[in-house]
Asker: 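Got a structure for you, questions after.
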Amino acid sequence: MSFSEILSNLSKIAEQAYEKAKQWKAEHGGKVVGLCGMHYPEELVHASGALPIILQEIDEPVTTGHAYYYPFFCGFSRSIIDQAAKGYLDFLDGFISGDYCIQVVGAGEALVVVLRKASNMFFRFPVGNQPWTQADIKEGLQELKRDLEKFVGHEITDESIRESIRVYNRNRSLMREIYRIRASNPEALSAKDLVTIVKTSMIMPKEEHNAILQELLKDLPSRETRADQEGLRVFVSGSLCGAPKVDILTMLEQTGAVVVDDDLFHGYRYINTDIDIDGNTDPLKAIASFYIAKNAKVPCPTRVDPTTSWQQYLVNAAKEHGAGAIIILMAKYCEPHMFFYPDIKETLEEAGIPHLLIEVEHEVVSLESLRTRIEAFVEIAEIEALKKGKAEASR
């Protein structure tokens, strides 16, 4: 299969977010478990023999779901509730919610009401980073493990968890390799392609996705590129639970800007760290350590971690990748992101890094007015970068 055919197939899978899971269920007779956004131990579900998938926001307007959920909560959580209310999630045998965000907590409570035939499980996820946090996370994992064992009807062994961790580590490492190659050749893959690659990892068996990535990597390093890769280099940040609207990313690249990296959940945030495991490691302790380590690498506003700074991370990332500007995609009503944004804005201004905040709503995005904003921002940022370059050259 050619490089373009692989990408085309992945795009089709991404567009029909749950079809792969339904196909797997029909072929294997196994159970499918839906996860509500970030911070869930997929490896533990996988080790149980069930298929974990991360529930996805879809473009369809929220209608039926209004009867179960607040209209002033984020579009991701409202979309999930609406899908459940319309019967789109009836194929799920179980779902896991958590407590890292008040809106996800509410979504989990609503799913209990709507998905009456699915088993309801909960991951108690401590959001701090204190000396006792690792042990507290492990305790939450033990509670979830007991619930999963009851759900599937058999014990989940340590070795099965270790093997699942190896599969998931392999998946993350393959996608990081794609990111690494694209960093030196941004035209090899579009920003939309990257989102598609990561999104499909969330909604299909990891073993199958690993095989696809291995095929993709055979041709990716040799992809042709122009010698004059000019244009404003941009770092994209945000979209913490739902996938970014790819029309916005495409529009950004159509202005001539080059997306050099991101910290999107459907992006580098999802793949940044592996779980440190070997044959003797306590797998639950390793997973607990993973949650602390990945936040240290790409800070998350849903965690209360005094040792990390999302705003400083963005400054450092922009410098590391030579980005002349940052595009921030904030889901409307996303409280964790909203609370952090004033500090982000102040820090970026102090560092002299231009940024554009784009607040994205689930139902309505005026693409033409947004196009005007993006084009103006890119043009101004390019002019400022040119002035800065001339000033530095004259010193």
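Computed from a predicted structure; not experimentally measured.
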Asker: Any idea how Tyr70 and Phe72 line up, ring-wise: parallel (<30°), tilted (30 to 60°), or perpendicular (>60°)?
Answerer: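 Ring orientation, 0 to 90° scale: parallel.
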
Asker: What residues form a side chain to side chain donor-acceptor pair (under 3.5 Å) with Ser2, not counting sequence neighbours?
Answerer: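 If we apply the side chain to side chain donor-acceptor pair (under 3.5 Å) test to Ser2, skipping adjacent residues, the hits are Ser4, Glu5.
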
Asker: More than 12 non-hydrogen atoms from neighbouring residues, nucleotides or ligands closer than 6.0 Å to NZ on Lys150, yes or no?
Answerer: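 No, because the 6.0 Å sphere around NZ of Lys150 holds 12 heavy atoms or fewer from other groups.
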
Asker: Establish, from distance only, whether the side-chain atoms of Ser369 and Thr372 form a donor-acceptor pair under 3.5 Å.
Answerer: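 There is no such pair between these side chains.
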
Asker: Taking only Lys NZ, Arg NE, NH1 and NH2, and the carboxylate oxygens of Asp or Glu, determine whether Glu253 and Lys192 approach each other closer than 4.0 Å.
Answerer: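 Salt bridge: no.
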
Asker: State whether Glu361 and Arg78 are salt-bridged, where the test is any N-O pair (Lys NZ or Arg NE/NH1/NH2 against Asp/Glu carboxylate O) under 4.0 Å.
Answerer: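 Judged by the 4.0 Å cut-off on N to carboxylate O distance, Glu361 and Arg78 do form a salt bridge.
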
Asker: Nearest 0.5 Å please: distance from the OH atom of Tyr18 over to the CD1 atom of Ile13.
Answerer: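 Rounded to the nearest 0.5 Å, the OH-CD1 separation comes out at 15.0 Å.
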
Asker: Is any NZ, NE, NH1 or NH2 atom of the basic residue among Arg124 and Glu139 found under 4.0 Å from an Asp or Glu carboxylate oxygen of the other?
Answerer: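 Result for this pair is yes, salt bridge flagged.
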
Asker: Any donor-acceptor pair under 3.5 Å linking the side-chain atoms of Thr200 with those of His209?
Answerer: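 Yes, because at least one side-chain N or O of His209 sits under 3.5 Å from a partner of the opposite role on Thr200.
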
Asker: Anything under 30° is parallel, anything over 60° is perpendicular, the rest tilted; go ahead and classify Tyr100 against Phe125.
Answerer: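 Aromatic pair Tyr100/Phe125 classed perpendicular.
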
Asker: With Trp310 as reference, evaluate Asn295, Thr347, Asp263, Asp343 under the side chain to side chain donor-acceptor pair (under 3.5 Å) test and give the passing residue.
Answerer: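 The passing option is Asp263.
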
Asker: Ring-plane angle category for Tyr270 and Phe265, please: parallel below 30°, perpendicular beyond 60°, tilted otherwise.
Answerer: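 Taking Phe265 first and then Tyr270, their aromatic rings stand perpendicular (interplane angle over 60°).
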
Asker: Between Phe91 and Lys25, is there a cation-pi geometry (under 6.0 Å to ring centre, at most 45° from the normal)?
Answerer: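 No cation-pi geometry.
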
Asker: Hey, are Glu320 and Arg233 close enough for a salt bridge, meaning a charged N less than 4.0 Å from a carboxylate O?
Answerer: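 No, this pair does not count.
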
Asker: For the atom pair CD1 (Ile327) and CD1 (Ile374), what is the distance rounded to the nearest 0.5 Å?
Answerer: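 If we round to the nearest 0.5 Å, Ile327:CD1 and Ile374:CD1 are 6.0 Å apart.
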
Asker: Dump the intermediate steps for side-chain hydrogen bond (donor to acceptor under 3.5 Å, both in side chains) on Gln254 and Thr250, then the final yes or no.
Answerer: CA-CA 6 Å; Gln254 287 173 345; Thr250 300; 6.0 Å; no

Asker: Could you tell me which residues satisfy ring-ring contact (aromatic ring centres under 6.0 Å, His included) with Phe95, sequence neighbours excluded, listed by chain and number?
Answerer: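 Result, ring-ring contact (aromatic ring centres under 6.0 Å, His included) vs Phe95: none returned.
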
Asker: Do Cys101 and Glu335 touch side chain to side chain, with heavy atoms closer than 4.5 Å?
Answerer: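 In short, these two side chains do not touch, never coming nearer than 4.5 Å.
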
Asker: To the nearest 0.5 Å, how far apart are CG in Leu264 and CG in Leu194?
Answerer: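 Result: 9.5 Å between the selected atoms.
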
Asker: Is it the case that the side chains of Asp136 and Thr133 hold a donor-acceptor pair, with the cut-off being a distance below 3.5 Å and no angle test?
Answerer: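 Absent: no donor and acceptor within the cut-off.
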
Asker: Could you check whether Ser48 and Lys31, counting side-chain N and O atoms only, form a donor-acceptor pair closer than 3.5 Å?
Answerer: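 Lys31 vs Ser48: no donor-acceptor pair found between side chains.
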
Asker: Would you mind checking if Glu187 and Arg182 are paired as a salt bridge, meaning a charged N to carboxylate O distance below 4.0 Å?
Answerer: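 Salt bridge: no.
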
Asker: Check for me whether the distance between the ring centres of Tyr341 and His355 falls short of 6.0 Å.
Answerer: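 Yes.
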
Asker: Side-chain donor-acceptor pair under 3.5 Å between His362 and Glu57, yes or no?
Answerer: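 The criterion, which ignores hydrogens and geometry beyond distance, is satisfied for Glu57 and His362.
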
Asker: Between Arg269 and Asp262, is there a salt bridge with N-O shorter than 4.0 Å?
Answerer: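 Arg269 and Asp262: not salt-bridged.
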
Asker: Any donor-acceptor pair under 3.5 Å linking the side-chain atoms of Gln214 with those of Asn210?
Answerer: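 On atom types as modelled, these side chains do not qualify, holding no pair under 3.5 Å.
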
Asker: Any salt bridge linking Arg146 with Glu149? Criterion: basic side-chain nitrogen under 4.0 Å from a carboxylate oxygen.
Answerer: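 No, this pair does not count.
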
Asker: Could you verify whether a donor N or O on one side chain and an acceptor N or O on the other, from Glu27 and Gln23, lie under 3.5 Å apart?
Answerer: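 Per modelled atom types, Glu27 and Gln23 side chains form a pair under 3.5 Å.
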
Asker: Do other residues, nucleotides or ligands put more than 12 heavy atoms under 6.0 Å from Asn9 CG?
Answerer: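 Enclosed: over 12 neighbouring heavy atoms sit under 6.0 Å from CG of Asn9.
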
Asker: Identify, with sequence neighbours excluded, every residue that meets salt bridge (Lys or Arg N to Asp or Glu O under 4.0 Å) alongside Lys12.
Answerer: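 If we apply the salt bridge (Lys or Arg N to Asp or Glu O under 4.0 Å) test to Lys12, skipping adjacent residues, there are no hits.
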
